[in-house]
Amino acid sequence: MLRPPLSRGGHRGGRGVAQSRGLFDVAILKVALRGSVVKLDPRVQIRNPVMFVVLVGTGGTLAEAILHPSVFTWSITCWLFLTVLFANFAEAMAEGRGKAQADTLRRTRSETKARRLRADGSEELVPSAQLATGDLVVCEAGDLIPSDGEVIEGIASVDESAITGESAPVIRESGGDRSAVTGGTRVLSDRIVVRISAAAGNTFLDRMIALVEGANRQRTPNEIALSILLAALTVIFIPVVVSLYPFASYAHSPVSVVVLISLLVCLIPTTIGALLSAIGIAGMDRLVQRNVLAMSGRAVEAAGDVQTLLLDKTGTITLGNRMAAAFHPVAGCPERELAAAALLSSLADETPEGRSIVTLARERHDLAPTSAPSAAHFVPFSATTRMSGLDLPGRQVRKGAADAVRGWVTEQGGSIPADLEPAVQRLAAEGATPLVVADGPRVLGVVELKDVVKPGIRARFEELRQAGIRTVMITGDNPLTAATIAREAGVDDFLAEATPETKMRLIREEQEGGKLVAMTGDGTNDAPALAQADVGLAMNTGTQAAKEAGNMVDLDSSPTKLIDVVAVGKQLLITRGALTTFSIANDVAKYFAIVPALFASSYPQLQALNIMRLHSPQSAVLSAVIFNALVIVALIPLALRGVRWRPSSAAAILRRNLLIYGLGGVVTPFLGIKLIDLLLTALHAY
Amino acid sequence: MQFALTLLLLAAVLALSWRFLGSYLEAVYSGRVRWLSGAERVAYRLLGVDPGREQRWREYAVSLALFSGASLLFTYALLRLQGQLPLNPQHLGAVSPLLSWNTAVSFLTNTNWQNYAGETTMSYLSQMAALTVQQFTSAAVGMAVAISLVRGFSRAGASTIGNFWVDTVRGCLYVLLPIAFVTGAVFVAQGAVQTLAGPVLIHDALNGATQLIPRGPVGFMESIKQLGTNGGGFFNANGADPLENPTQLTNLLSVALLLCIPVALTYTFGKMVGSRRQGLALLAAMGLIFAVWTGFTGYAESQPNPAVAAAGVVAQPQGNMEGKEVRFGVLDSTLYDVASTQTSTGSVDSTPDSYTPMGGFGLLTGMMLGEITPGGAGSGLYTLLLFAIVAVFIGGLMVGRTPEYLGKKIQAREVKLASLGVLVMPVAVLVITGIATALPAGRAGAFNSGPHGFTEILYALTSQGNNNGSAFAGLNGNTAFYNLAGGIDMLVGRFGVMLPVLALAGALAGKQAVPVSLGTFRTDNATFVVLLLGVILIVGGLTFFPALSLGPLLEQLSHGRFF
């Protein structure tokens, strides 16, 4: 199975849409059983040429069984019919799992009244179905948000568990990248005004239901290509079998139509033909279980082809925020004094960086104060001053960007120690952020803030490299800093000082080289790049624009999810390839079971080809047909779960799968058919 | 011991031709070879072709169709009118319409199936202007189509795949003509006949018998017959006739000639796509099957012939010598026939009809695999590439990426065209054989009854469907039914594959190449060769298993032994 995702913390199975179900959930089984009969409709069957041939063949043996009834003809007819049913069952089973999830979602979509704002500012109550795009609605604590939209006024905490399965509320506010709200979620506190962006029936939830349910599932490009190959492999065997009729009559060895039909069904690729659509549906389903919604199956397939992953540094490669790692005093200042000043300046600083300085000062130097003196005045960080600190009566402590603090010190008549600049340069070169601390006109030293690379990420990137996937770290940091982290994390490349434009350029460059690119994004300014990327995974916390632009949405908003998405895409293709190989390889044994049986009465010499030593011609044919039907059922779990993929080189994966599904596909039916033949003989069926 | 030396010599010659002829071919088709540019320019002026203008695949296919149509008409007309034309010392009359049709199609499609005996049917003019000309052009066309497919792989974002007229002219002028001329001289020097003086009457005073010895322009036809993987000889006895294949040296030269272009093209392929290993992988797949089949057939023929043994001759120390020349013996004869059935040549120096059932099985199945080991001049490479695409598609899925071959993504269109190209031959062969065995006209052709008779029919139609031309013998092919059905079989087997190949070339040339990474499915290593062999044997070969079980397999088992 798959490696546990890095986003384990953010991956909460069992709630909301992310339900993982047992393979043989009783409710789904019931739906699937009904589906396998409903799907017998020839109009449904003709869409799958392989199984359609089986259905037509069953009609032929049925006619033969009615005209010349015998235990043999009836047994063959029943098992051929079961073959069709089993194929339907596999597909119905995969669909059933999606439908069950859609039902869970549908329950959250109840008819609500919306408080629409009139032009004059007064409110009116309208059914949410009547809302049009552009309408403004008011939502207060306890209200269900009637439709998708954007917060244009106010800030609120929202419970999005209905779609994400995450019970902790999230903040939604006007402006910025967290303005999108989803219909069907509930406001927990405060009041917001939402501009509706999706009309009823076309909301995110509606589309999600349709997707999960596979209502209008389009066959993906690769699935179409494989269907063509399977159709060709079906077409080729029709003359093989039909021509046997004149051949046999030339050889004065008439063959029975029932046996010829059995041979045809056994030779055409029924195993993969029966499971093909189930594999596709199950692939989408596996993504949903990882809380990722793909807007099309095409995107899932593209994920398997991705050769370049653009990963945001923060959250994916490093642990969110930078942490204080060391104090570097300058101009002979004792380290403890520097630590004390840094602590003082950070006491009221609630940013993660500020708190990490407090923690470091306490741990390293056993400094005690826990809160700022009462007379203190906190100076918060601002983009213009790029400093923060504390004003005490007669004393001002600051920490901040090197040039900002330098300017501030010079302004107060202080001098800059000669060893400051080298220390700052050295830290920056190492990829750390130097924060200079000054006490009035005196520069005390530098606090080193460092990115902490997530444990295990280096190994993960190494695996991806083995699988031929290039990782590119995207960061707003300067090139020096970026290079250090890139080296530490083991990514293949990095994009420093990234802007939406440079990201876009990078994607274009990669694509011009023929590579497929995947990226994550959440902001409105990410939207063009998300749209350009072959796989654009938008964060659910992101803006509506980002979600519209990408072709997948991650409900957990976990940046590492991209790696899981690639794995699911690969698994989908591998499962198809493996079962195709298995299906084709099976033919070898079936030839050896049926061909000697075909002419057994006229040419007993051909029993030399009966290398499995099957009991009788009839038991040989029946065993092959039964094996052919049962193998479909046996492989349903594999089709739904997918063949495992572990990042490693293509050569290693191919060798392994060729051994299991190629060689295994040749050997298994020899054993299986022999076993069934022994059983039939033991039961005195023949 | 001597046979080991033969094999060693053959391997050395093929290795040299792989390396040097292969790279020469690349230079020829990329236009860098210019030593006959004067003659080349004359040819373009006569054809009215602008050699600088490349063609899209449809234009290429239309040119191919026009040229083939014209060739067919020309050959047909010449055979029909030979009685009124010069160079006819035996005063042979017009060839019958249906036989002319079958023969014209046969030489057009590089099949060289012969429902006639050359020395008693064809005038010297027909042999030279109708048949030998086609032996050059059909081989050149096959190579041109193969090269255009390789261009599909080596180009990116291109709309054109080369120029049919240029490729065909260059193939004839720079490759086939010079090699055929030099080796033709060797045949003549070794004793193959080359004259326009007509047959001679020899009076054997000792036995009091008078014999008419047919002669003709044989030696130089012999070289292109092998080099172009054509197989149609001047005499009915083909390579078993001492006037056509006089010595052991010419016997070995024949085998080397018919293998050299198909083998060399794998090097050309590798060079054009920028990786010799890619070509080597294809050669390995070809070579493995060829080696196994040669060993198998050689072993089968080294056994006593069961039918002869049943007639009372138990001691057959040299193996099955029925239908074989004492000059060559069992192993050299088998090597010749295996090489010619696996290259779509079809020339013989021993009679397949007289092979042991399993020996005949070896020859028959060599053709059934689709003529890819190494196959005909050009046709071997392009047909193998179709199998490679199917193998890449199945194998590529198994590594979890949209399959790609040489950087080109294999998607719906490519799969469609490749499967079409792969299934045309077995469908044509099985359907037409089915019709032949169902109709009295078809059944009447076979000299034998039972499984051997069935093999005779199956062999004839397999040979024509694969454009091989190897005759099992034992089947009277010069009947209305077989002339007509065989002609259709040959046309479908040739152009039914060529057209999808050209369409594929166009589709591939237009694609951008995906860069290679560790996640790329490698097509130049042993794993791929195994996968490719699996696809060839299971998808290609096993489709004939039920039919084979009623032919050679049944015959072998009926003699009571099976190995």
Side-chain angles (χ1 to χ4, degrees), chain A residues 221-222 224-226 228-229 232-233 235-237 239-240 242-244 246-251 263 301 304-305 307 465-470 513-515 570-571 573-574 576-578 580-581 584-585 587-588 591 595 598-599 603 605-606 608-609 645 649-651 653-655 657-658 661-662, chain B residues 390 393-402 407 410-412 414-416 419-420 422-423 426-427 430-431 433-435 437-438 443 450-451 453-454 457 512-515 517-522 525 527-528 530-531 534-535 538-539 542-547 549-550 553-554 557-558 560 562:
Chain A
N222 178 267
I224 292 171
L226 183 53
I228 292 171
L229 181 70
L233 287 177
V235 168
I236 205 168
F237 287 118
V240 167
V242 173
S243 68
L244 266 180
F247 292 177
S249 87
Y250 180 90
L263 178 63
E301 254 174 29
D305 285 351
Q307 277 168 300
R465 195 169 305 119
Q466 287 301 315
I469 298 171
R470 226 164 67 88
K515 290 180 178 161
K570 288 206 176 286
Q571 242 191 332
L573 295 179
I574 292 175
R576 280 188 197 140
T580 305
T581 308
I584 294 172
D587 278 2
V588 179
Y591 276 114
V595 169
L598 265 175
F599 312 110
Y603 298 112
Q605 306 95 303
L606 282 178
L609 296 178
W645 177 73
S649 74
I653 298 175
L654 181 68
R655 262 199 306 277
N657 288 338
L658 210 52
Y661 300 99
Chain B
V390 173
F393 183 74
I394 297 172
L397 284 181
M398 275 197 288
V399 304
R401 280 254 295 263
T402 296
I410 304 304
Q411 290 162 311
E414 290 74 34
V415 170
K416 183 163 67 188
S419 343
L420 188 66
V422 164
L423 69 81
V427 169
L430 288 169
V431 167
T433 310
I435 294 172
T437 50
R443 293 172 175 227
F454 178 70
I457 299 175
Q512 294 298 337
V514 181
S517 75
L518 271 174
T520 308
F521 168 67
R522 300 258 317 248
N525 58 15
T527 320
F528 177 68
V530 170
L531 179 69
V535 170
I538 296 180
V539 177
L542 275 182
T543 47
F544 289 102
F545 185 63
S549 71
L550 282 176
L553 291 178
L554 179 56
L557 291 166
S558 301
F562 194 76

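Convention: sequence-line order gives letters A, B, ...; per-chain numbering from 1.
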J.: Would you name the heavy atoms of B:V427 and A:P239 that are closest together and state the gap between them?
T.: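 Minimum heavy-atom contact is CG2-CG, 3.7 Å.
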
J.: Determine whether A:R470 and B:P515 make a side-chain contact, defined as any pair of heavy atoms from C-beta on separated by less than 4.5 Å.
T.: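 Contact flag for A:R470/B:P515 side chains = no.
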
J.: Is chain A contacted by the side chain of B:I394, its backbone, both, or neither, given a heavy-atom distance below 4.5 Å?
T.: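 Its backbone and side chain both get close to chain A.
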
J.: Considering all heavy atoms of both residues, which atom of A:A650 and which atom of B:V399 are nearest to each other, and what is their separation?
T.: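 Heavy atoms only, the tightest pair is O-CG1, 3.4 Å.
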
J.: Let's test your reading of the structure: which of A:L263, A:V235, A:L233, A:I236 forms the most heavy-atom pairs below 4.5 Å with chain B?
T.: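 Sorted descending by pairs with chain B, the first entry is A:I236.
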
J.: Please determine, among A:S649, A:G577, A:A251, A:G513, the option with the most heavy-atom pairs under 4.5 Å with chain B.
T.: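 Ranked by contacts with chain B, first place is A:G577.
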
J.: Is B:Q512 in contact with chain A via its backbone, its side chain, both, or neither, using a 4.5 Å heavy-atom distance?
T.: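 Neither part; nothing is under 4.5 Å.
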
J.: Looking only at non-hydrogen atoms, find the nearest pair between A:Q307 and A:G514 and report the distance.
T.: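 That closest heavy-atom pairing would be OE1-O, 3.9 Å.
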
J.: Between chain B and each of A:G304, A:P221, A:A248, A:A225, count heavy-atom pairs under 4.5 Å; write down the option with the most.
T.: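 Of A:G304, A:P221, A:A248, A:A225, A:A225 has the most heavy-atom pairs under 4.5 Å with chain B.
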
J.: Taking side chain to side chain donor-acceptor pair (under 3.5 Å) as the test, write out the residues that go with A:R465, two or more places apart.
T.: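 With neighbours one apart ignored, the set is A:E462, A:D492.
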
J.: For chain B, find which of A:R655, A:E301, A:K570, A:K515 contributes the most heavy-atom pairs closer than 4.5 angstrom.
T.: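 The answer is A:K570.
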
J.: Would you compute the distance between atom CG of A:N657 and atom CH2 of A:W645 and round it to the nearest 0.5 angstrom?
T.: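 It is 12.5 Å, given to the nearest 0.5 Å.
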
J.: For chain A, find which of B:G534, B:G434, B:P451, B:G396 contributes the most heavy-atom pairs closer than 4.5 angstrom.
T.: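 The option with the most such pairs is B:G434.
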
J.: Just do the side-chain contact (heavy atoms from CB on, under 4.5 Å) check on B:L553 and B:F545 with the steps written out, would you?
T.: CA-CA 9 Å; B:L553 291 178; B:F545 185 63; 4.0 Å; yes

J.: Which of the residues A:D587, A:T581, A:I469 is involved in the greatest number of heavy-atom pairs with chain B at under 4.5 angstrom?
T.: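 The residue among A:D587, A:T581, A:I469 with the greatest pair count is A:T581.
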
J.: Is chain A contacted by the side chain of B:L550, its backbone, both, or neither, given a heavy-atom distance below 4.5 Å?
T.: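 Side chain only.
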
J.: Find the one option among A:L658, A:I224, A:T580 whose heavy-atom pairs under 4.5 Å with chain B are most numerous.
T.: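 The residue among A:L658, A:I224, A:T580 with the greatest pair count is A:L658.
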
J.: Tell me, out of B:V422, B:T527, B:L542, who's got the most heavy-atom pairs with chain A below 4.5 Å.
T.: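 Of B:V422, B:T527, B:L542, B:L542 has the most heavy-atom pairs under 4.5 Å with chain A.
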
J.: Below 4.5 Å from any heavy atom of chain B, which atoms of A:F247 appear? Answer side chain, backbone, both or neither.
T.: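 Both backbone and side chain of A:F247 come within 4.5 Å of chain B.
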
J.: Counting only non-hydrogen atoms closer than 4.5 Å, does B:I410 touch chain A with its backbone (N, CA, C, O), its side chain (CB onward), both, or neither?
T.: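 When you check distances to chain A, no heavy atom of B:I410 falls under 4.5 Å.
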
J.: Under the criterion side-chain contact (heavy atoms from CB on, under 4.5 Å), I'd like the reasoning laid out for B:T520 against B:R401: C-alpha separation, chi angles, the key distance, then a yes or no.
T.: CA-CA 8 Å; B:T520 308; B:R401 280 254 295 263; 3.5 Å; yes

J.: Under 4.5 Å heavy-atom distance to chain A, tell me which part of B:A547 shows up: side chain, backbone, both or neither.
T.: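 Contact with chain A: backbone and side chain both.
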
J.: Which answer fits B:V535, side chain, backbone, both or neither, if we ask what part of it has an atom under 4.5 Å from a heavy atom of chain A?
T.: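 No part of B:V535 comes within 4.5 Å of chain A.
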
J.: Look at B:V514, B:I435, B:N525 and state which one has the largest set of heavy-atom pairs under 4.5 Å with chain A.
T.: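 Top option by heavy-atom pairs under 4.5 Å: B:V514.
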
J.: For A:V588, is it the side chain, the backbone, both or neither that has a heavy atom under 4.5 Å from a heavy atom of chain B?
T.: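 Both parts, backbone and side chain.
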
J.: Could you tell me which portion of B:F393 (side chain, backbone, both or neither) has an atom closer than 4.5 angstrom to a non-hydrogen atom of chain A?
T.: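 For B:F393, the contact with chain A is made by the side chain alone.
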
J.: Give, for atom OH of A:Y250 and atom OG1 of B:T433, the distance between the pair rounded to the nearest 0.5 Å.
T.: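 Answer rounded to 0.5 Å: 11.5 Å.
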
J.: Is there side-chain contact between A:N222 and B:L397, with at least one heavy-atom pair below 4.5 Å?
T.: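 Result yes, sub-4.5 Å side-chain heavy-atom pair found.
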
J.: Is there a side-chain contact (heavy atoms from CB on, under 4.5 Å) between A:L609 and A:Y591? Walk through the geometry before answering.
T.: CA-CA 9 Å; A:L609 296 178; A:Y591 276 114; over 6 Å; no

